[in-house]
Peer 1: 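Quick one: this structure, given as structure tokens, is what I'll be asking you about.
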Amino acid sequence: MLFRGWGESVDGPWPDAATVVDHVGVPHLVVTRHALVRRLLTDPETFRPDNALDAVTPIPVAALRVLAGHRFRLPPTLANNASASHPEIRAIVAEALHPDRVAAQQPWLTGLVRERVTRLAAALAAGEPVDLYAGLAADLPLLVLARLVELPDAPVGAVKDFARAALELFWAPVDETRQLALAAEVGRFHTVLRAFATTGGGLAARLRAAGHSPDVVVGALFFLLVAGQETTSQFLTLLLHRLAGEPAVRAGLRAGDIPVADVVEEGLRLEPPIVTWRRVATVDTTLGDAEVPAGTSIVAWLARAGRDPAVVAAPGEFRPGQRGSRRHLAFGAGPHRCVGAQLARMEAAVVVAEAAPLLDGVTVVRPPWCPDNLTFRMPDAFVVRRT
Ligand code: HEM
């Protein structure tokens, strides 16, 4: 069950912490309660992030050779970096994503989303089905990221393919044939990043100027290109789908009774694109009633923590502004808490404000389908049609 059906089991009964053996026989302690997940994420002495990006399906030698052929190396830089270099690398990335710089992108993004919404509204009015993932959410976060952080000059489609391949290679149950294909895709883009890391400006130049090696620059860009855009386009898609089934919330938005920011927070709580995140115990310890030997892989079930009745008044209901709504852990917590949270919130607020009206009077032709993945939801499409 570790990979299948996070969606169905998120509301069902579940112990506070339970050991689950995954598809390759590795045990993980899955932690579900808000307080335990918070403790796990905010105590880096006891629970390190070293395993955050480990491949859940071991990568076979043949695929490792493919990666090595592209000189693929990924030293810990951000999410899985517990070393002394983390605060400095994080500070350089955080500066690029400073709330003032994020806010400055809002008018431009609003204009772009408005244009798209006008086009999509016309298609709906003509009775055509529209895919709100492909037509609205898929590339927006990458376009914004490229205005904040200098990125290699690569087509949007190539970056999306690479990012989704990376999420599948590292977090999905995959067979060897697929691993080879994914390794080729990830390796190809890694080569592009490696070239950019030595010459690129902006963030890459600042990391170089701070004395970081090309491998570190590649590692930081690699993570940012995955975490900084794919997550948000997944979230936008899942949130729009959720809102399609919440007519009262849309009416509240229309009337101005429900603030857009509250809808975004409730969306993050109930539809987080990242459902789990990992840590590893450094010493023998306990989490709740569970004994945790040193070396245990611990899966923080972020989606479930957001539905903890100890924190939220009506855990399963989409009630923007309700008590506990903002206390979700969708962005993690502690020293590795998401540095892009402000950016993701701004993007989601623009999309909710501009695109929610598109959902009035539509039926869902094709809900988002999410493949098996330990951590990322990765919806593939969201098609609606005016009825
Ligand atoms: C809805 C969208 C997003 C969600 C749900 C999300 C969630 C997360 C989570 C759960 C973590 C791990 C936190 C932890 O270990 O405690 C994380 C880390 C991170 N995220 Fe996000 N993220 C999103 C968007 C973004 C964006 C837009 C960016 C940047 C453009 C970004 C950049 C990062 C970085 C750099 C880290 C690593 C921070 C560190 O280790 O110091 N994320 N994110």
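None of the values given here were measured: they were computed from a predicted structure. Order of appearance sets the numbers: ligands from 1, and atoms from 1 within every ligand.
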Peer 1: Testing Arg269, Glu266, Glu265, Arg307 for side chain to side chain donor-acceptor pair (under 3.5 Å) with His328, which one passes?
Peer 2: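 For His328, the side chain to side chain donor-acceptor pair (under 3.5 Å) check succeeds only for Glu265.
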Peer 1: How about atom 21 (Fe) of ligand 1, which protein N, O or S atoms come within less than 2.8 Å?
Peer 2: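 Near atom 21 (Fe) of ligand 1, below 2.8 Å, one finds Cys338 SG.
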Peer 1: Kindly compute the distance separating OG1 (Thr375) from CG (Leu167), expressed to the nearest 0.5 Å.
Peer 2: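 That separation rounds to 9.0 Å.
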Peer 1: If we ignore hydrogens and angles and just use 3.5 Å, is the side chain of Arg254 paired with the main-chain N or O of Val249 as donor and acceptor?
Peer 2: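 No, because the side chain of Arg254 does not come within donor-acceptor range (under 3.5 Å) of the backbone of Val249.
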Peer 1: Are the aromatic ring centres of Phe72 and Phe189 under 6.0 angstrom apart?
Peer 2: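 No: the rings miss the under 6.0 Å criterion.
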Peer 1: So is Arg279 touching ligand 1 or not, going by heavy atoms under 4.0 Å?
Peer 2: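 It does, in that a heavy atom of Arg279 comes within the 4.0 Å cut-off of ligand 1.
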Peer 1: What atoms in ligand 1 come closer than 4.0 Å to a heavy atom of Ala333?
Peer 2: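 Atoms satisfying the 4.0 Å criterion: 16 (O).
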Peer 1: Short question: side chain of Arg250, backbone of Leu243 - any donor-acceptor pair under 3.5 Å?
Peer 2: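 Yes, the answer is positive, given that a donor and an acceptor are paired below the 3.5 Å cut-off.
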Peer 1: Provide, to 0.1 Å, the distance between atom 13 (C) of ligand 1 and the closest protein heavy atom, together with that atom's residue and name.
Peer 2: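 Here the nearest protein heavy atom works out to His336 O, 3.2 Å.
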Peer 1: Would you say Ala330 has any N or O atom under 3.5 Å from an N or O of ligand 1, going by distance alone?
Peer 2: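 So ligand 1 has no N or O lying under 3.5 Å from an N or O of Ala330.
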Peer 1: Looking only at distances, please establish whether an N/O atom of ligand 1 is found under 3.5 Å from an N/O atom of Thr232.
Peer 2: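 It does not: no N or O of Thr232 is found under 3.5 Å from an N or O of ligand 1.
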Peer 1: What atoms of ligand 1 come closer than 4.0 angstrom to any heavy atom of Leu343?
Peer 2: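 In order of number, 27 (C), 30 (C).
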Peer 1: Would the distance check show the side chain of Thr199 and the main-chain N or O of Ala195 forming a donor-acceptor pair, the cut-off being under 3.5 Å?
Peer 2: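 Checking the backbone N and O of Ala195 against the side chain of Thr199, a donor-acceptor pair under 3.5 Å is found.
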Peer 1: Closest non-hydrogen protein atom to atom 34 (C) of ligand 1, residue and atom name please, with distance?
Peer 2: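 Residue, atom and distance for the closest contact: Phe223 CE2, 3.4 Å.
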Peer 1: With a 4.0 Å cut-off on heavy atoms, does Pro49 reach ligand 1?
Peer 2: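 Heavy atoms of Pro49 never come under 4.0 Å of ligand 1.
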Peer 1: For Asn80 and Asn51, indicate whether the former's side chain and the latter's backbone hold a donor-acceptor pair under 3.5 Å.
Peer 2: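 Here the side-chain-to-backbone pair does not exist.
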Peer 1: Can we call the ring centroids of Trp14 and Trp301 under 6.0 Å apart?
Peer 2: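 Judged by ring-centre distance (under 6.0 Å), Trp14 and Trp301 do meet the cut-off.
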Peer 1: Before signing off on this row, confirm whether Ala79 and ligand 1 have an N or O atom pair separated by under 3.5 Å.
Peer 2: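 The answer is yes, given that Ala79 and ligand 1 share an N or O pair closer than 3.5 Å.
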Peer 1: With backbone taken as N, CA, C and O and side chain as the heavy atoms from C-beta onward, which portion of Leu145 lies under 4.0 Å from ligand 1: side chain, backbone, both, or neither?
Peer 2: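 Within the 4.0 Å criterion, Leu145 contacts ligand 1 through side-chain atoms alone.
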Peer 1: Pick one of side chain, backbone, both or neither for how Leu148 approaches ligand 1, counting any non-hydrogen atom pair under 4.0 Å.
Peer 2: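 Answer for Leu148: neither.
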Peer 1: Please determine if Leu78 has a nitrogen or oxygen closer than 3.5 Å to a nitrogen or oxygen of ligand 1.
Peer 2: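 Yes: some nitrogen or oxygen of Leu78 is under 3.5 Å from one in ligand 1.
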Peer 1: Using a 4.0 Å heavy-atom cut-off, say whether His86 meets ligand 1 through its side chain, its backbone, both or neither.
Peer 2: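 Within the 4.0 Å criterion, His86 contacts ligand 1 through side-chain atoms alone.
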Peer 1: Give a yes or no answer on whether the side chain of Glu354 reaches the backbone of Val113 with a donor-acceptor pair at less than 3.5 Å.
Peer 2: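 Flag not set: sc Glu354 to bb Val113 has no pair under 3.5 Å.
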Peer 1: I'd like to know if Asp139 and Arg116 make a salt bridge, using a cut-off of under 4.0 Å between side-chain N and carboxylate O.
Peer 2: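 Salt bridge between Asp139 and Arg116, a charged N being under 4.0 Å from a carboxylate O: yes.
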Peer 1: Roughly how far apart are Arg65 CZ and Leu180 CG, rounded to 0.5 Å?
Peer 2: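 Output value for this atom pair is 10.5 Å.
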Peer 1: Quick check on the 6.0 Å ring-centre criterion: do Phe162 and Phe222 meet it?
Peer 2: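 Yes.
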Peer 1: Check for me whether Leu302 has a heavy atom closer than 4.0 Å to any atom of ligand 1.
Peer 2: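 The answer is yes: ligand 1 sits under 4.0 Å from a heavy atom of Leu302.
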Peer 1: Is the shortest distance from a Lys or Arg side-chain nitrogen in Arg377 or Glu271 to a carboxylate oxygen in the other one below 4.0 Å?
Peer 2: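 Judged by the 4.0 Å cut-off on N to carboxylate O distance, Arg377 and Glu271 do form a salt bridge.
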Peer 1: For ligand 1, is any non-hydrogen atom under 4.0 Å from Pro273's backbone (N, CA, C, O), its side chain (CB onward), both, or neither?
Peer 2: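 For Pro273, the contact with ligand 1 is made by the side chain alone.
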Peer 1: What protein heavy atom lies closest to atom 12 (C) of ligand 1? Include the residue and the distance to one decimal.
Peer 2: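 Atom 12 (C) of ligand 1 sits closest to the protein heavy atom Trp277 NE1, 3.5 Å.
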Peer 1: Among all residues two or more places apart in sequence or in another chain, which pass the side-chain hydrogen bond (donor to acceptor under 3.5 Å, both in side chains) test with Ser297?
Peer 2: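 Once residues adjacent in sequence are excluded, the partners of Ser297 under the side-chain hydrogen bond (donor to acceptor under 3.5 Å, both in side chains) criterion are His28.
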